[in-house]
Amino acid sequence: MAMDMNQMMRQAQKMQLELARAQEEIKTLTYTATSGGGMIEVKAVGDGSIESISINPEAVDPDDVEMLEDMILVAVNEALRGVAQQGEARINAATGGMSIPGLF
């Protein structure tokens, strides 16, 4: 039984190291999303921030600012969802699919 406990402790330590590595990798993940047929491009980073927003000048119509706002909103939300999904996949790989509260 003592052997099993030691083995479990080693496995837990290995998972802890893998989780720490995964969390560092997640910070560097990026996801780029577009909307409006590519008129708006947003790049999100794994730390939850937006790295860049690119707006094609043709998307800017002073008479329809609401459409531009909607396209930006769609692209930002998609980028944030995409990078979050990548992070979740990385955590799942590190934990072997085991759910650990507070990680994602």
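Start at 1 with the first residue, then count along the sequence. Heavy-atom basis, side chains included; hydrogens, waters and symmetry copies ignored.
- We find the CD1-CG distance between Ile40 and Asp70 to be 10.5 Å, quoted to the nearest 0.5 Å.
- Across all their heavy atoms, Ala33 and Ala75 have their closest contact at CB-O, 3.5 Å.
- If you take CE on Met39 and CE on Met71, they are separated by 6.0 Å, rounding to the nearest 0.5 Å.
- Residues satisfying the side chain to side chain contact (heavy atoms under 4.5 Å, CB included) criterion with Val60, sequence neighbours excluded, are Ile55, Leu68.
- The shortest distance between side-chain heavy atoms of Gln23 and Lys27 does not fall below 4.5 Å.
- To the nearest 0.5 angstrom, Ile91 atom CD1 is 4.0 Å from Ile26 atom CD1.
- One distance of note links CG of Leu19 with NZ of Lys14; it measures 12.5 Å at 0.5 Å rounding.
- Side-chain contact between Val83 and Gln86 is present, with at least one heavy-atom pair separated by less than 4.5 Å.
- To the nearest 0.5 Å, atom CG of residue Asp4 and atom CD of residue Gln11 are 9.5 Å apart.
- Side-chain contact between Leu29 and Val45 is absent, with no heavy-atom pair separated by less than 4.5 Å.
- Between Lys43 and Ile50, the closest side-chain pair of non-hydrogen atoms is not below 4.5 Å.
- With a 4.5 Å cut-off on side-chain heavy atoms, Leu17 and Gln13 do not count as touching.
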Fill in: Derivation and outcome, salt bridge (Lys or Arg N to Asp or Glu O under 4.0 Å), residues Glu78 and Arg81
CA-CA 5 Å; Glu78 183 182 331; Arg81 267 192 304 274; 5.8 Å; no
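- Between Asp61 atom CG and Glu66 atom CD the span is 12.0 Å, to the nearest 0.5 Å.
- A salt bridge between Glu18 and Arg90 is present, with a side-chain N of the basic residue lying under 4.0 Å from a carboxylate O of the acidic one.
- Linking ILVMFWY residues whenever their side-chain heavy atoms come closer than 4.5 Å, directly or via other members, leaves Tyr31 and Val74 in distinct clusters.
- Listed by chain and number, the residues in a side chain to side chain donor-acceptor pair (under 3.5 Å) with Ser49 are Asp47 (sequence neighbours excluded).
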Fill in: Glu41/Ile53 under side chain to side chain contact (heavy atoms under 4.5 Å, CB included): CA gap, chis, key distance, verdict
CA-CA 6 Å; Glu41 182 178 283; Ile53 297 176; over 6 Å; no
